[in-house]
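Below is one structure; the comments refer to it alone.
Lettering follows sequence order; numbering is per chain, from 1.
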2 protein chains.
Amino acid sequence: MSNFETLFYYIQETSGKLLSEDDKHLLMAHFKPKKLRKRQYFLQEGDVCKYIAFIVKGSARTFTVDDKGHEHILKLSLENWWIVDFESFYLLTPSRFNIEALENLEVLQSTNAQIEEFLKHIPAFSAMSNVISQNNTIATQKRMQAAMIYTAEERYEDLISNYPQFLQRFPQNMIASYLGLSPETLSRLKKNSFK
Amino acid sequence: MSNFETLFYYIQETSGKLLSEDDKHLLMAHFKPKKLRKRQYFLQEGDVCKYIAFIVKGSARTFTVDDKGHEHILKLSLENWWIVDFESFYLLTPSRFNIEALENLEVLQSTNAQIEEFLKHIPAFSAMSNVISQNNTIATQKRMQAAMIYTAEERYEDLISNYPQFLQRFPQNMIASYLGLSPETLSRLKKNSFK
DNA sequence: GCCTTAACTTGATCTGGGTCAAGCTTACTT
DNA sequence: AAGTAAGCTTGACCCAGATCAAGTTAAGGC
């Protein structure tokens, strides 16, 4: 499956609508393939996030660095996910986040102006956008709740059942940071859960 | 200003578009005014959230109860906010949340099916919906980040500068729960910040 | 206006998870 | 294949914020 076929398939699956040939040509004209090597940055703190990108292959992390120089991972992303800092992308403000490739990364990227065009002219794209924002609202609410109520151990078990791929694809210290834990705590927690 | 005028004004302000007379009639036909007395529930855990409501007057809290019987407030809502559990509302699943009036509450409520109609037929409504979901995405991302990085004190100061009305309208123990703190901790924290 | 209940404060103590440090393992580099 | 770096584990210690308890203030109900 080519990069674009992956995107087309994703849009149709998510929206429940078909793309016409015209739709596909429009998407192909305005989504640009881009490759990043492991450790390269898709977005750097302080820059405006000009692009939104669809991951065709590889993985990435979105993180901030606090005053003490500690990194905090807010999001881990795999194939068929979007990477972007929405705040910066919509409002054109400098981003507070970094987005870094954790493996060699292949994406299809586009700008805000072009996305507006897609939303206006491609019904499947606009339906997809609604579905995503709906899912997103639900997921963040859940994660919020999880962060408030659950202990470290419960959050780890939650991750295992909701995103088992993460354990294969991301090093443990990244998972720890994503869960808001120190690497040491996650290590100990795993040991105890097998007793 | 009548209940509906408040809603019309809100939609126009948020969307940046005007409502036609037809639009207004459609809204008036399908948003039902409802009053709840202080302590009454708009939504109870386990029920499906059939309505979304626009607060015309009063305030509410969205909270869950954990295994130990402790309440956790996820959201505090005032005039010109919406109350709903999106997950339950969209997916028709039983809600894990309670939504309770903290003051006598006047809302305008509508169902999922009717909202779909508004989105289809009223451009200002659909634009408003996009703006809200955009703001929502940004706000939750910020709150997520805040929860991961900031100390209790920093989160409290953040609340003071972002939502100063909250201090007037909500009792301190509710604010503590919203911030993920025990009432005792918030009390101590306030004392120290005035030293 | 009195009484009950809810909200807030203050102190004493406890604990989950962080921090620091050192050793161990796995995996890229050249 | 050896060398170096990155990731993981384990132990000792520490601290922010929770919990428990008791007293104080404020506010709704009749």
Side-chain angles (χ1 to χ4, degrees), chain A residues 37-40 58-59 61 63-73 76 100-104 146-160 166-195, chain B residues 36-40 58-59 61 63-73 76 100-105 146-160 166-195:
Chain A
R37 267 173 304 107
K38 191 173 172 171
R39 304 260 157 77
Q40 272 193 301
S59 60
R61 63 175 180 139
F63 68 99
T64 29
V65 182
D66 68 21
D67 306 337
K68 291 172 204 142
H70 295 139
E71 297 180 353
H72 301 268
I73 296 181
L76 291 169
E100 184 198 17
L102 290 179
E103 301 169 332
N104 290 337
M148 290 192 83
I149 297 179
Y150 298 129
T151 63
E153 186 156 8
E154 288 168 327
R155 275 178 281 147
Y156 179 62
E157 279 160 10
D158 218 55
L159 178 112
I160 294 176
F166 279 20
L167 303 181
Q168 266 67 56
R169 298 287 291 275
F170 300 110
Q172 196 170 304
N173 60 352
M174 301 276 167
I175 304 232
S177 173
Y178 175 77
L179 292 171
L181 298 174
S182 70
E184 292 94 330
T185 299
L186 182 55
S187 173
R188 278 186 256 264
L189 202 144
K190 282 178 74 174
K191 197 175 57 165
N192 292 330
S193 71
F194 288 119
K195 271 192 189 150
Chain B
L36 288 113
R37 268 171 306 106
K38 190 173 173 171
R39 305 261 158 78
Q40 273 193 299
S59 60
R61 64 175 180 139
F63 69 98
T64 29
V65 181
D66 69 20
D67 306 336
K68 290 172 206 141
H70 294 141
E71 296 180 354
H72 301 269
I73 295 180
L76 291 169
E100 184 198 18
L102 289 178
E103 300 169 332
N104 290 338
L105 193 61
M148 288 193 85
I149 296 178
Y150 298 127
T151 62
E153 185 155 10
E154 288 168 326
R155 276 179 281 147
Y156 179 61
E157 279 159 11
D158 218 55
L159 178 111
I160 294 176
F166 278 20
L167 303 180
Q168 266 66 56
R169 298 287 293 274
F170 300 110
Q172 196 171 303
N173 59 354
M174 301 274 167
I175 303 227
S177 172
Y178 175 77
L179 290 171
L181 298 174
S182 70
E184 293 94 330
T185 299
L186 183 55
S187 174
R188 280 185 254 266
L189 203 145
K190 282 178 74 174
K191 197 175 59 165
N192 293 331
S193 71
F194 288 118
K195 269 191 190 152

| request: Measure across B:Ala101 and B:Leu36 and return the closest heavy-atom pair with its distance rounded to 0.1 Å. | output: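 Shortest heavy-atom contact: CB-CB, 4.4 Å.
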| field | For B:Asn104 against B:Arg37, the heavy-atom pair lying closest together | value |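 Closest pair (atom of B:Asn104, atom of B:Arg37, distance): OD1-CA, 3.4 Å.
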Under the rule for side-chain hydrogen bond (donor to acceptor under 3.5 Å, both in side chains), what residues qualify as partners of [X], not counting sequence neighbours?
X        : value
B:Ser187 : none
A:Asp66  : A:His72
B:Arg169 : B:Glu79, B:Glu103
A:Thr185 : A:Ser182

| task | By nearest nucleotide on DNA chain C, pick out whichever of A:Glu184 and A:Tyr150 is the more 5' one. | result |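 Result of the comparison: A:Tyr150.
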| For A:Tyr156, which residues count as a ring pair (Phe, Tyr, Trp, His ring centres under 6.0 Å) partner, sequence neighbours excluded? |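 None.
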| task | Decide yes or no on side chain to side chain contact (heavy atoms under 4.5 Å, CB included) for B:Ile175 and B:Leu181, but give the supporting numbers first. | result | CA-CA 8 Å; B:Ile175 303 227; B:Leu181 298 174; over 6 Å; no
| field | Neighbours of DNA chain D within residues 167-182 of chain B, by heavy-atom distance under 4.0 Å | value |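 Per residue number, the list reads B:Gly180, B:Leu181, B:Ser182.
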| said: Between B:Arg188 and A:Pro183, which residue's closest nucleotide on DNA chain D lies nearer the 5′ terminus? | reply: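 With A:Pro183 and B:Arg188 compared, the 5'-side residue is A:Pro183.
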| message | Between the opening five pairs and the closing five pairs of the helix from C:dT4-D:dA27 to C:dA27-D:dT4, how far apart are the helix axes, to 10°? | response |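 Taking five pairs per end, the axes differ by 50°.
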| said: Once side-chain hydrogen bond (donor to acceptor under 3.5 Å, both in side chains) is applied, what residue pairs with a partner in residues 171-181 of chain A remain, sequence neighbours excluded? | reply: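 Found A:Gln172-A:Lys190.
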| task | At the 4.0 Å heavy-atom cut-off to chain A, mark where contacts on DNA chain D begin and end, going 5' to 3'. | result |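 Extent of the interface on DNA chain D: D:dG7 to D:dA12.
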| query | Pairs in or reaching into residues 176-185 of chain A: which pass salt bridge (Lys or Arg N to Asp or Glu O under 4.0 Å), with residues at least two apart or in two chains? | reply |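 Residue pairs with at least one partner in residues 176-185 of chain A: there are none.
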| Atom pair NZ (B:Lys38) and CG (B:Leu105), whose distance is rounded to the nearest 0.5 Å |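 The NZ atom of B:Lys38 sits 12.5 Å away from the CG atom of B:Leu105.
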| said: To the closest 0.5 Å, what do you measure between CE (B:Met174) and CG (B:Leu102)? | reply: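 Between B:Met174 CE and B:Leu102 CG, I get 5.0 Å after rounding to 0.5 Å.
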| request: Only counting residues at least two apart or in another chain, list the ones meeting salt bridge (Lys or Arg N to Asp or Glu O under 4.0 Å) with B:Arg61. | output: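 If we apply the salt bridge (Lys or Arg N to Asp or Glu O under 4.0 Å) test to B:Arg61, skipping adjacent residues, the hits are B:Glu71, B:Glu100.
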| query | Earliest and latest nucleotide of DNA chain C, 5' to 3', sitting under 4.0 Å from a non-hydrogen atom of chain B? | reply |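 Here the contact window of chain B covers C:dA7 to C:dA12.
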